[in-house]
Amino acid sequence: GAVVSQHPSRVICKSGTSVKIECRSLDFQATTMFWYRQFPKKSLMLMATSNEGSKATYEQGVEKDKFLINHASLTLSTLTVTSAHPEDSSFYICSAGGAGVNIQYFGAGTRLSVL
Amino acid sequence: SQKIEQNSEALNIQEGKTATLTCNYTNYSPAYLQWYRQDPGRGPVFLLLIRENEKEKRKERLKVTFDTTLKQSLFHITASQPADSATYLCALEDGTASKLTFGTGTRLQVTL
């Protein structure tokens, strides 16, 4: 299957700082990438859909100014958590999908802890 | 509103037995349904996709059925092994381009 690399795997930061998470598709061009958030023992909650070269589409209730998404190329999307607070602590996972049938290939996830 | 339910939060099964996981949905008319495996602290991994016109799909020890009348999919792991222990998620496309909605998952524990 396709390989998606997500970096960093874990980050601990102070409240008020911004954190950037990268998601790269290594062996295919991803027209669409997705960002999810997952709470312990809960399912994946879609935050936004990122399309290369255009603005991301955010799900209802997700703050656009809080979670900045950039998809500048067909292999890279970034999520920046701005002015992070302890309530932003969570497991963030990206995925990439190619054209056609909607199988998603996931990164390994980023565990964000805001102190 | 649209809803996806997986029958149980956790399922314990003895090695060698067949594990059966259930995914029920309401207010969807999906063209296909997918199953993913997620290990603790990792991203999900795609396992199988089944289309609305397919009744059954197999891959090695895995079997998926899809009943669009009952709005249900069953996921079977035959001859289960401890290495099969993980959380299994079903996912449906929500009718718009590209997006998947995931069920809450079933945590499978296979013991010796």
Side-chain angles (χ1 to χ4, degrees), chain A residues 1-10 21 23-25 28 30-52 54 56-60 62 71 90-113, chain B residues 1-11 21 23-25 28 30-54 57 59-60 64 66 86-109:
Chain A
V3 179
V4 174
S5 173
Q6 186 173 342
H7 177 81
S9 59
R10 186 178 181 102
I21 303 169
C23 182
R24 293 180 184 274
S25 57
F28 71 107
T31 53
T32 306
M33 288 184 170
F34 304 88
W35 288 95
Y36 296 85
R37 184 173 179 174
Q38 188 173 34
F39 292 101
K41 297 187 179 180
K42 299 292 184 184
S43 191
L44 288 79
M45 183 189 78
L46 180 65
M47 298 174 66
T49 302
S50 168
N51 293 298
E52 186 266 336
S54 63
T57 303
Y58 289 81
E59 295 299 301
Q60 193 172 11
V62 178
H71 193 159
S90 193
F91 191 53
Y92 293 88
I93 315 174
C94 72
S95 71
V101 177
N102 191 25
I103 294 170
Q104 293 187 19
Y105 300 97
F106 286 83
T110 297
R111 172 76 56 194
L112 172 62
S113 300
Chain B
S1 62
Q2 295 173 324
K3 209 175 189 182
I4 304 173
E5 289 184 335
Q6 294 189 238
N7 60 324
S8 55
E9 189 176 318
L11 179 66
L21 286 63
C23 177
N24 294 293
Y25 59 93
Y28 275 97
Y32 47 83
L33 182 148
Q34 301 181 35
W35 283 89
Y36 289 78
R37 169 184 172 140
Q38 186 176 23
D39 290 284
R42 307 290 293 178
V45 174
F46 170 76
L47 294 176
L48 279 167
L49 177 150
I50 186 165
R51 299 177 191 276
E52 61 178 339
N53 60 350
E54 296 176 315
K57 200 93 172 263
K59 179 183 174 183
E60 298 172 355
V64 171
F66 193 12
T87 295
Y88 292 87
L89 304 160
C90 67
L92 296 174
E93 46 109 15
D94 76 340
T96 62
S98 305
K99 284 167 47 172
L100 290 179
T101 301
F102 286 83
T104 50
T106 296
R107 192 169 65 254
L108 175 67
Q109 182 71 44

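Chain letters run A, B, ... following the sequence lines, proteins first and then strands; every chain starts at 1.
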Chemist: Where does A:Gln6 contact chain B at under 4.5 Å (heavy atoms): side chain, backbone, both or neither?
Modeler: neither
Chemist: Name all residues meeting the salt bridge (Lys or Arg N to Asp or Glu O under 4.0 Å) criterion together with A:Lys42; count only those two or more places apart in sequence or in a different chain, and write none if there are none.
Modeler: none
Chemist: Would you find more than 12 non-hydrogen atoms of other residues, nucleotides or ligands less than 6.0 Å from B:Glu9 atom CD?
Modeler: no
Chemist: Return the option, out of B:Ala91, B:Pro44, B:Ala31, B:Gly43, with the maximum number of heavy-atom pairs under 4.5 Å with chain A.
Modeler: B:Pro44
Chemist: What's the spacing between A:Gln38 CD and B:Phe102 CZ if we round to 0.5 Å?
Modeler: 9.5 Å
Chemist: Any idea which heavy atoms bring B:Gln34 and A:Ile103 closest together, and the distance?
Modeler: OE1-CA, 3.7 Å
Chemist: Heavy-atom distance under 4.5 Å to chain A: side chain of B:Gln6, backbone, both or neither?
Modeler: neither
Chemist: In Å and rounded to the nearest 0.5 Å, what is the OG1 to NZ distance from A:Thr57 to B:Lys99?
Modeler: 8.0 Å
